[in-house]
Amino acid sequence: YTHSEQFCAKKPLTGTITYVVHSDKTATLQLRLQNLSVRNKLVGVEWQQTRTEGGSHGTYGYTIASFRSSADGRSQQSTLRFFRAPYAHGLGIVLDTGPHARTIGALARC
């Protein structure tokens with residue numbers, strides 16, 4: 001996706017995740033989250049978007065990145081691993097602790 005977007009945390013999380021697209025079309029995430037319920041854990045970043053192909057509608061998500069939480073429940077930017085850029089604008093972001101794991105937070109477009 002070729003446009004920057006910012007997502008704001010829903011309580012009890014606070015802060016933002018910003019999807020940043022640079023002039024050379026490379027992209028990354030800027031993490032500024034606090035109050036994560038997991039400490040010193042790997043956190044998955046799942047991009048939520050609208051399903052439009054094949055005539056079906058609704059939302060679905062896929063993992064685009066991961067990061068580690070700190071001992072005090074903050075996101076650690078230096079641990080970000082950005083796997084892939086999304087291919088459509090985001091409706092929101094879901095944070096989880098891995099495949100088939102529990103959701104630990106959500107963010108919506110600001």
Side-chain angles (χ1 to χ4, degrees):
Y1 186 62
T2 59
H3 300 286
S4 296
E5 296 187 52
Q6 187 172 50
F7 298 89
C8 292
K10 295 181 180 181
K11 290 184 179 189
L13 294 178
T14 58
T16 61
I17 293 179
T18 305
Y19 173 68
V20 180
V21 179
H22 302 285
S23 60
D24 65 358
K25 302 296 183 198
T26 59
T28 192
L29 297 175
Q30 289 179 345
L31 308 171
R32 292 185 177 95
L33 296 173
Q34 302 85 37
N35 298 329
L36 290 163
S37 61
V38 295
R39 307 292 196 254
N40 298 316
K41 299 280 186 186
L42 190 64
V43 176
V45 179
E46 187 176 291
W47 187 264
Q48 301 290 304
Q49 67 183 56
T50 302
R51 180 182 307 276
T52 57
E53 61 275 347
S56 68
H57 299 284
T59 62
Y60 73 106
Y62 49 95
T63 302
I64 63 167
S66 68
F67 65 89
R68 290 195 77 76
S69 60
S70 67
D72 63 352
R74 295 177 181 270
S75 55
Q76 295 185 70
Q77 183 70 39
S78 64
T79 66
L80 174 68
R81 298 296 172 258
F82 189 64
F83 309 134
R84 60 176 288 185
Y87 50 86
H89 90 92
L91 299 175
I93 290 176
V94 172
L95 303 176
D96 61 42
T97 55
H100 311 293
R102 68 183 177 101
T103 297
I104 60 166
L107 295 90
R109 294 184 75 182
C110 296

[atom1]-[atom2] distance between [X] and [Y], expressed to the nearest 0.5 angstrom:
X   : Y   : atom1 : atom2 : answer
Q77 : R68 : CD    : CZ    : 15.5 Å
T16 : L33 : OG1   : CG    : 7.0 Å
T79 : F67 : OG1   : CZ    : 7.5 Å
H89 : T50 : NE2   : OG1   : 5.5 Å

Open item on the list: What I'd like to find out is whether the side chain of F7 reaches to under 4.5 Å of the side chain of L29, using heavy atoms alone.
Closed with: no
Task: L107 side chain near R109 side chain, heavy-atom distance below 4.5 Å - done: no
Within one Ile-Leu-Val-Met-Phe-Trp-Tyr cluster: [X] and [Y], side-chain cutoff 4.5 Å:
X   : Y    : answer
V38 : V45  : yes
L36 : L80  : yes
I17 : I104 : yes
L42 : I64  : no

Open item on the list: Pair Y60, Q49 - check side-chain hydrogen bond (donor to acceptor under 3.5 Å, both in side chains), show working.
Closed with: CA-CA 6 Å; Y60 73 106; Q49 67 183 56; 3.1 Å; yes
Taking [X] for its side chain and [Y] for its backbone only, find out whether a donor-acceptor pair lies under 3.5 Å.
X   : Y   : result
T28 : V20 : no
S4  : V21 : yes
S69 : N40 : yes

Open item on the list: Just to verify, which of E5, R32, Q6 counts as forming a side chain to side chain donor-acceptor pair (under 3.5 Å) with T18?
Closed with: Q6
Open item on the list: Looking only at side-chain N and O atoms, does Q34 offer a donor or acceptor that is under 3.5 Å from a partner on T14?
Closed with: yes
Would you name the heavy atoms of [X] and [Y] that are closest together and state the gap between them?
X   : Y   : result
E46 : D96 : OE1-OD2, 3.8 Å
D72 : R39 : C-NE, 3.8 Å
T63 : A65 : CG2-O, 3.6 Å

TODO: Fit a plane to each ring of Y19 and F82, take the angle between them on a 0 to 90° scale, and name the class: parallel (under 30°), tilted (30 to 60°) or perpendicular (over 60°).
DONE: tilted
Task: F83 ring center within less than 6.0 Å of W47 ring center - done: no
